[in-house]
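The chains referred to below are lettered A, B, ... by the order of the sequence lines, with proteins before strands, and numbering in each begins at 1.
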Amino acid sequence: DAGVTQSPTHLIKTRGQQVTLRCSPKSGHDTVSWYQQALGQGPQFIFQYYEEEERQRGNFPDRFSGHQFPNYSSELNVNALLLGDSALYLCASSLELTSGQQETQYFGPGTRLLVL
Amino acid sequence: TQLLEQSPQFLSIQEGENLTVYCNSSSVFSSLQWYRQEPGEGPVLLVTVVTGGEVKKLKRLTFQFGDARKDSSLHITAAQPGDTGLYLCAGAKWSGGSNYKLTFGKGTLLTVNP
């Protein structure tokens with residue numbers, strides 16, 4: 001049973017560039033959430049995707065955008081990178097239950113982004 | 001605004017000692033989750049507590065959810081070096097239908113020395 005996978009594992013970019021991070025959810029899961037974890041901090045919620053639509057969004061600027069594909073995998077895009085975007089980007093997947101609630105989220109290993 | 005406050009932020013103890021980590025909030029959560037994260041890895045779920053006053057045990061780890069569902073604690077008995085890691089609490093809120101979001105604390109970095 002494959003868990004949540006993310007690619008790439010590490011990435012180095014320069015200010016102003018754009019980056020795309022990828023996530024494949026745990027087998028059987030249909031909901032993907034993205035988090036940013038700066039050094040020494042807990043993860044902060046960026047947004048969540050379900051049925052190929054952004055359902056909820058945290059306090060992040062429009063430079064952060066995403067997409068979910070029919071196979072439930074997801075991408076996180078960040079435009080016009082800033083030094084402060086350097087962080088571990090985590091993807092978490094879960095299953096939407098028929099009651100409308102979700103099962104627990106399971107996290108991937110993350111992508112470490114460094115912006116120079 | 002940090003909705004979940006964890007304490008202590010850092011903890012360094014000797015193998016065999018007991019410890020308690022606290023997670024406090026002024027908000028009520030539908031459930032609270034505890035994760036353990038190792039360097040360069042994603043958080044791994046340890047437990048989810050849902051009912052106020054609930055106590056769950058996972059081997060040497062005991063988790064408690066406050067009666068008002070605003071706070072939680074994690075107690076480790078006879079800590080071992082393998083317990084070293086960042087312990088994160090996360091509160092879940094459902095705000096109608098399928099709107100669900102996890103809010104994390106900053107974590108407690110635990111080091112257990114042999």
Side-chain angles (χ1 to χ4, degrees), chain A residues 3-10 21 23 25-26 30-51 53-60 87-114, chain B residues 1-10 21-25 27 29-50 56 58 63 72 74 85-111:
Chain A
V4 180
T5 59
Q6 292 186 243
S7 63
T9 56
H10 296 81
L21 310 181
C23 171
K26 187 177 184 328
D30 57 8
T31 304
V32 173
S33 302
W34 287 92
Y35 293 82
Q36 180 195 65
Q37 186 176 22
L39 202 60
Q41 303 290 320
Q44 286 202 301
F45 176 76
I46 302 175
F47 42 52
Q48 183 179 86
Y49 277 85
Y50 173 68
E51 290 189 338
E53 290 191 357
E54 182 182 297
R55 179 161 66 181
Q56 272 208 99
R57 189 177 184 92
N59 189 26
F60 280 81
L88 181 68
Y89 287 86
L90 295 162
C91 167
S93 73
S94 56
L95 175 64
E96 180 88 357
L97 302 175
T98 53
S99 62
Q101 294 189 343
Q102 294 178 18
E103 287 191 339
T104 302
Q105 294 186 358
Y106 290 86
F107 283 82
T111 293
R112 174 74 64 186
L113 173 64
L114 177 61
Chain B
T1 303
Q2 191 68 39
L3 293 180
L4 276 170
E5 298 287 340
Q6 284 190 243
S7 62
Q9 191 174 353
F10 300 96
V21 175
Y22 299 93
C23 178
N24 296 299
S25 175
S27 299
F29 292 102
S30 305
S31 66
L32 199 137
Q33 300 170 9
W34 282 94
Y35 292 83
R36 179 166 158 264
Q37 184 178 23
E38 298 195 21
E41 302 289 329
V44 175
L45 179 69
L46 296 174
V47 78
T48 300
V49 285
V50 179
K56 280 192 174 179
L58 186 66
F63 304 85
S72 181
L74 157 61
L86 179 67
Y87 288 83
L88 294 158
C89 68
K93 285 194 176 186
W94 275 279
S95 51
S98 8
N99 288 324
Y100 165 98
K101 188 169 76 171
L102 275 182
T103 301
F104 280 85
K106 286 188 176 183
T108 294
L109 185 59
L110 171 66
T111 302

dist B:Leu88:CG -> A:Phe107:CZ (nearest 0.5 Å) comes out at 8.5 Å
Does the side chain of B:Gln37 come under 3.5 Å of the side chain of A:Gln37 through a donor N or O and an acceptor N or O? yes
The reported gap from OH in A:Tyr106 to CG in B:Leu45 (rounded to nearest 0.5 angstrom) is 6.0 Å
Pair count under 4.5 Å, heavy atoms only, with chain B: among A:Cys91, A:Pro43, A:Gly42, highest is A:Pro43
Problem set entry | Side chains of A:Leu90 and B:Pro43 in contact at under 4.5 Å (non-hydrogen atoms) | yes
Bottom line for B:Leu109: the part with an atom under 4.5 Å from chain A's heavy atoms is neither
For B:Leu102 and A:Phe45, the nearest pair of non-hydrogen atoms, with its separation, is O-CB, 4.1 Å
